[in-house]
Amino acid sequence: MPVFVFPTSQLLWVRLAALIFTCVAFSVAAHEGPPRGSMADWCIFCWAFSFACTLLVLLVEQCGLQARTPVSWTNFPITIACYAALFCLSASIIFPLFYIKDQYLSGDARAQRIVSTVFSCLAAVAYMGEVSLTKARPGEVAGYMATAPGLLKVCQTFVACIIFILVSHPVLYNQHPALEWCMAVYCICFILSMAVVVLCVGECTGCLPIPFSKFLSAYGLLAVIMYLSATIIWPVFQFDKRSSSYNKSDLITVAVLTALNFLLYLADLVYTARLVFVTA
């Protein structure tokens, strides 16, 4: 029968802090009705998702149920912490940009939104601290998601999600086949990166028909080449007179995020090559 234990550790206090900060952030934002709009919904989702997943991790660990979970517990908590850090960081940027500068806000409403933003920033810092505490150290045996390539996979999928949001409202990729190729790059690489995350968290890497290390190397090289092409093609075919009807800031943001993901995939390939070839 599981028994609650409360060992004192730095990791436990960091997780408790993140739990409290996310709870305060979405509770204050939802007080007397949350702001309207898709961006407000995204921020509330970020805080609620992070809170729920952190609570789950704390309950499982305090009840000693790690061995009974259907996922790899060496990969699951750090994956959740990394996603939560990115979610809270994005909410900390989006929420004040869209909902604090409103000149028609009352003093109380503005104060509540400032409080939500502050606690969102604190939650992001807490989750970054958790990732720092649980990531693999040199020479340490750990799950793949605790290594630099694993954490880069999380960042790649997160950046791709933001790109999907920006190019979909309005649709920015249907004016030329080259732009449709860029969208295909985003989708294919996102699916493969997310597949790696799911396989690692679900302990299913042995189900692949080829060794996991070879799959990572081949996929990493392919992703770098594809994102390099998208990094060049997107600005070439978007920043012209035909795109004047679109929001230039969205086009520039997508171009910057595409270049950022290219750098993430390049770093991922370098780390993977070191793990596979140098170690061997």
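In this structure, C43 SG and I94 CD1 are separated by 5.5 Å, a value rounded to the nearest 0.5 Å. Rounding to the nearest 0.5 Å places CD of Q66 at 11.5 Å from OG1 of T74. Atoms CD1 and CZ, on I225 and F262 in that order, are 10.0 Å from each other to the nearest 0.5 Å. Atom NZ of K153 and atom SG of C189 lie 11.0 Å apart (nearest 0.5 Å). Distance check: L222 CG to I188 CD1 gives 7.5 Å after rounding to the nearest 0.5 Å. Rounding to the nearest 0.5 angstrom, the gap separating the NZ atom in K214 from the OG1 atom in T272 is 15.5 Å.
Pairing each heavy atom of N261 with each of C155, the nearest pair is OD1-O, 4.3 Å. Residue S116 comes nearest to F95 through the heavy atom pair CB-CE2, 4.0 Å, listed as atom of the first residue, atom of the second, then distance. Q62 and L12 make their closest contact through NE2-CD1, 3.6 Å (heavy atoms, listed as atom of the first residue, atom of the second, distance). Scanning all heavy atoms of the two residues, the minimum distance from A85 to A124 falls at O-CB, 4.2 Å. Of all the heavy atoms in V185 and S229, the pair that sits closest is CG2-OG, 4.4 Å.
The aromatic rings of Y219 and F215 lie parallel to each other, with less than 30° between the two planes, well short of the 60° mark.
Using a 4.5 Å heavy-atom cutoff, the side chains of E61 and R15 are in contact. I78 has its side chain out of reach of E130: every pair of non-hydrogen atoms, C-beta onward, lies at least 4.5 Å apart. Under the 4.5 Å side-chain criterion, counting only non-hydrogen atoms from C-beta, L179 is in contact with W234. Residues P77 and I80 have side chains not in contact (no heavy-atom distance under 4.5 Å, counting atoms from C-beta outward). With contacts defined as side-chain heavy-atom distances shorter than 4.5 Å, the pair V71/N75 does not qualify. You'll find the side chain of I252 reaches within 4.5 Å of the side chain of V256, heavy atoms only. Inter-residue side-chain proximity for V254 and Y186 is flagged as met; some heavy-atom pair is nearer than 4.5 Å. Side-chain contact between F237 and I232 is absent, with no heavy atoms from C-beta onward closer than 4.5 Å.
The main-chain N or O of F51 is never found under 3.5 Å from a side-chain atom of T54 such that the two would form a donor-acceptor pair. Judged by distance alone, with hydrogens and angles left aside, the side-chain atoms of S50 form a donor-acceptor pair with the main-chain N or O of C46 at under 3.5 Å. Without hydrogens or angle criteria, S217 side chain to S213 main chain gives a donor-acceptor distance under 3.5 Å.
Annotation: ring-ring contact (aromatic ring centres under 6.0 Å, His included) contacts of F190 (sequence neighbours excluded): F164. In this structure, T79 has no side-chain hydrogen bond (donor to acceptor under 3.5 Å, both in side chains) partners at least two apart in sequence or on a different chain. Take F212 and apply the ring-ring contact (aromatic ring centres under 6.0 Å, His included) test, not counting sequence neighbours, and it matches Y144. Scored by the side-chain hydrogen bond (donor to acceptor under 3.5 Å, both in side chains) test, T134 finds no partners at all (sequence neighbours excluded). Take Y265 and apply the ring-ring contact (aromatic ring centres under 6.0 Å, His included) test, not counting sequence neighbours, and it matches Y227. A search for side-chain hydrogen bond (donor to acceptor under 3.5 Å, both in side chains) contacts involving W47 returns S120, not counting sequence neighbours. With sequence neighbours excluded, no residue satisfies side-chain hydrogen bond (donor to acceptor under 3.5 Å, both in side chains) with T69.
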Intermediate values then yes/no, side chain to side chain contact (heavy atoms under 4.5 Å, CB included), L89 and M128: CA-CA 10 Å; L89 180 62; M128 291 177 189; 4.2 Å; yes
Derivation of the ring pair (Phe, Tyr, Trp, His ring centres under 6.0 Å) call for F87 and F49: CA-CA 9 Å; F87 281 150; F49 171 86; 5.3 Å; yes
Enumerate, atom names and distances included, each donor-acceptor pair closer than 3.5 Å involving a side-chain atom of residues 16-24, sequence neighbours excluded.
from : atom 1 : to  : atom 2 : distance (Å)
T22  : OG1    : A18 : O      : 2.9
T22  : OG1    : L19 : O      : 3.0

Residues 196-206, side-chain donor-acceptor partners within the protein, below 3.5 Å, at least two apart:
none

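Y127 and F45 sit in two unconnected hydrophobic clusters of ILVMFWY residues. Membership requires side-chain heavy atoms under 4.5 Å apart, directly or through other members.
Between the side chains of E180 and N174, no donor-acceptor pair of N or O atoms lies under 3.5 Å.
L11 shares a hydrophobic cluster with V14, L133; the chain of contacts runs through ILVMFWY side chains whose heavy atoms sit under 4.5 Å apart. Its side chain outside the 4.5 Å cluster rule for every partner, I165 clusters with none of the Ile, Leu, Val, Met, Phe, Trp and Tyr residues. Members clustered with V125: none, using a 4.5 Å side-chain heavy-atom cutoff among hydrophobic residues.
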